[in-house]
Structures are given as C-alpha cells and as structure tokens.
Amino acid sequence: MTLQIGYKLAAEGFGPAELVRQAQRAEAAGFDFVEISDHFHPWLEVQGHSPFAWSVLGAIAHGTERIGLATGVTCPFHRYHPAIVAQAAATVALLSDGRFTLGLGAGERLNEHVTGEPFPAVAGRHARLREAIEIIRLLWSGGYHSYEGRFCSLEDARLFDLPEEPPQIAVAASGPASVALAAELGDGLFAVAPDGGLTAEYRRLGGSGPRYGEVSLAWAESEAAAVEAAWSTARWSLGGWKVMSELPNPVNFEAASAQVRREDMAAKLSCGPELTAHTEAVRHYVEAGFDRIALMNVGPDPDGFLDAFAGELGAGLRALDPNG
C-alpha cells in the first residue's frame with residue numbers, strides 16, 4: 001500500500017479562517033490529506049482556540065481541489081447524536097467530491113462533559129461507539145430508519161443528501177477492545193502511538209483498511225525555539241491517554257502538566273530544523289505498520305514547516321516504504 005502523508009490542523013491553536021488557509025497551503029505543499037480534531041475546548045488556555053470542526057471542514061472542502069479531509073477524531077455519541085454526525089459527514093463528503101474520511105473515537109471528557117450528561121467509563125464508551133457506528137451506517141444506506149439500542153436510539157430518520165459512496169470510517173484504537181471494534185465495524189484504524197501491536201492485531205482480526213498514525217513534532221529554525229513552542233502548547237500530551245481522556249478542562253491539563261520540563265519535551269518529540277530527525281520519527285510509525293501518517297507540528301511557524309515539507313522533508317518521507 002502506498003504511504004500517504006497528512007497535515008494535522010491544530011484546531012486548538014488557530015482560528016477557523018487560519019485553519020482553512022493552512023489547509024490550502026498544505027494542498028499546495030503536496031500533502032495527501034488534512035486532518036482536524038473535533039474539540040470543544042483546547043488542551044491548554046494558552047492555545048486559545050477551538051472552532052467548530054464541521055464548519056471548518058466545509059470551508060476547506062470548498063477551498064481545495066485535491067487534498068483529502070478527515071476528522072481526527074469525532075466522538076459520535078455524547079456531545080453529538082450519531083444521526084447528526086452521519087448528516088455532517090455525508091454533507092462534507094458531497095462538498096469535497098468524496099475526499100472525506102470520518103475518524104471516530106470513544107471521546108475525551110475535555111470535550112464531552114459540556115452537555116452536563118455523565119461521561120461513561122471506557123467499557124460504556126465502547127458500547128456507545130458501537131451503536132453510534134451502526135446508526136451512522138444505517139442512515140448512509142438510504143431511506144427511513146429507526147434504531148433502539150441500549151444507549152442510542154433513532155426514530156424515523158432519513159438523510160436526503162447522500163454521496164454515491166459513503167465515506168470511509170477510521171476507528172481510533174489504543175487497546176484490544178477498540179482495535180477489535182475497528183476491525184469489525186470500521187474501514188480503517190486510527191492511532192497516536194507507533195505501536196506495531198495495534199496494527200498487527202487489527203490485521204489478525206481481519207482489518208484490511210488504511211492505518212492512520214499521528215506523529216507530533218516541532219519544526220523551527222532553531223532547536224531552542226522548537227522546544228519552547230512544544231513545551232508551551234503541547235506539554236499536556238506527555239500525560240498519556242489515561243490522563244488525556246479523563247480530565248475535564250484546560251485548567252486541569254495545566255495542573256497535570258505543571259512538572260513537565262522543556263527537556264522532557266525535547267526527549268519526547270523531534271524538535272528543530274533537522275529534517276532527518278523528523279523523518280526518523282515518522283519511520284517508527286511506518287515500521288509499526290501505519291500507511292497514513294498525519295504530521296502534527298507544534299512548532300511556532302506553520303508556514304516554515306509547510307515550506308520545509310514542500311522541499312526536502314516531503315521527499316524524505318515519501319522515500320519511506322510502508323511495505324518494507
């Protein structure tokens with residue numbers, strides 16, 4: 001399978017118009033797809049943004065011609081009803097002429113608690129995600145449908161605007177239960193760690209679709225500037241998924257990451273202008289079995305990073321072999 005390289009839009013760090021501009025620049029720089037998180041809050045107050053992902057996707061679809069679009073990822077059962085996600089995804093697929101992939105996951109308290117409804121434990125999230133995917137696929141099949149599950153329901157609903165081919169669904173996974181769900185109900189796998197065990201288990205269970213991995217890095221003209229930007233805006237990420245999925249607000253992530261040092265960020269991410277280091281970071285994901293790699297640049301200069309990709313960085317990444 002051919003390796004594709006994507007650009008992760010930092011929706012927590014930029015407003016909607018700037019995200020659209022960056023997506024257009026990513027297309028011009030040669031990226032294969034752009035991916036956007038679907039958050040209600042940023043991770044940290046200093047990031048300062050979190051626009052409505054679906055409005056941004058519609059604008060990107062209208063303002064680009066070739067580049068793929070994806071959510072990375074949407075929780076389809078708490079802040080949204082799955083019928084709304086099905087409708088939104090079908091609309092973006094139509095606006096983009098079939099360039100859209102729906103990334104789905106079990107959600108994070110940071111975004112989902114805002115409705116005031118209790119946020120379930122992991123097993124409950126997976127059960128709800130299963131029902132949500134079933135409802136989305138039901139609505140994409142056309143006609144009127146009803147559904148009565150343990151957690152989700154649907155009554156006499158029909159989507160009147162559907163693409164000829166429904167979008168692919170990539171399911172986020174971090175362990176055996178979510179990998180099994182991705183293999184059974186998804187068209188692809190989505191993960192944020194270079195864990196070859198996830199991709200191997202996905203294949204063992206019959207999953208044959210694309211495998212999306214998200215690589216964080218910090219590009220800047222100096223290593224010091226890259227490390228500083230990474231520490232300022234991305235230190236929350238060192239807590240791991242057990243922390244990331246459970247904390248409710250940016251102030252909690254601020255407290256949880258208070259002891260993270262700049263040297264901790266430098267040890268965790270490839271930081272600076274050295275393109276070989278960034279290529280090696282991506283290589284770990286390719287060797288772990290991922291063939292759709294989204295680059296999340298937490299450096300201070302998005303345009304500089306896009307220029308770097310249009311030059312030597314993109315060429316070096318495309319030389320990596322996902323079939324090796």
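Heavy-atom basis, side chains included; hydrogens, waters and symmetry copies ignored.
Using a 4.5 Å cut-off on side-chain heavy atoms (C-beta onward), M265 and E228 make no contact. In this structure, D32 and I67 have side chains that are not in contact, with every pair of non-hydrogen atoms separated by 4.5 Å or more. Side-chain atoms of T71 and L104, non-hydrogen and from C-beta on, never get closer than 4.5 Å to each other. Contact check for R292 versus L189: no side-chain heavy atoms found under the 4.5 Å cut-off.
Here D97 does not pair with R66 in a salt bridge; the nearest charged N to carboxylate O distance is not below 4.0 Å. Using a 4.0 Å cut-off between charged nitrogen and carboxylate oxygen, R283 and D321 do not count as a salt-bridge pair.
For F253, the ring pair (Phe, Tyr, Trp, His ring centres under 6.0 Å) partners are W43, not counting sequence neighbours. Remark: E165 pairs with no residue by the side-chain contact (heavy atoms from CB on, under 4.5 Å) rule, at least two apart or across chains.
Using cut-offs of 30° and 60° for the angle between ring planes, the Y80 and W54 rings count as perpendicular.
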- Task: Take I135 and L154 through the test side-chain contact (heavy atoms from CB on, under 4.5 Å) and record every step on the way to the result.
- Result: CA-CA 8 Å; I135 287 173; L154 185 73; 4.0 Å; yes
- Item | Stepwise side-chain contact (heavy atoms from CB on, under 4.5 Å) test for D303 and R21 | CA-CA 10 Å; D303 286 295; R21 186 193 73 84; 2.9 Å; yes
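A cation-pi arrangement is present between R235 and W231 under the rule of less than 6.0 angstrom and at most 45 degrees off the ring axis.
In the model, S270 has a side-chain atom that pairs as donor or acceptor with a side-chain atom of H278 under 3.5 Å. A donor and an acceptor atom, one from each side chain of E274 and T276, are located under 3.5 Å apart.
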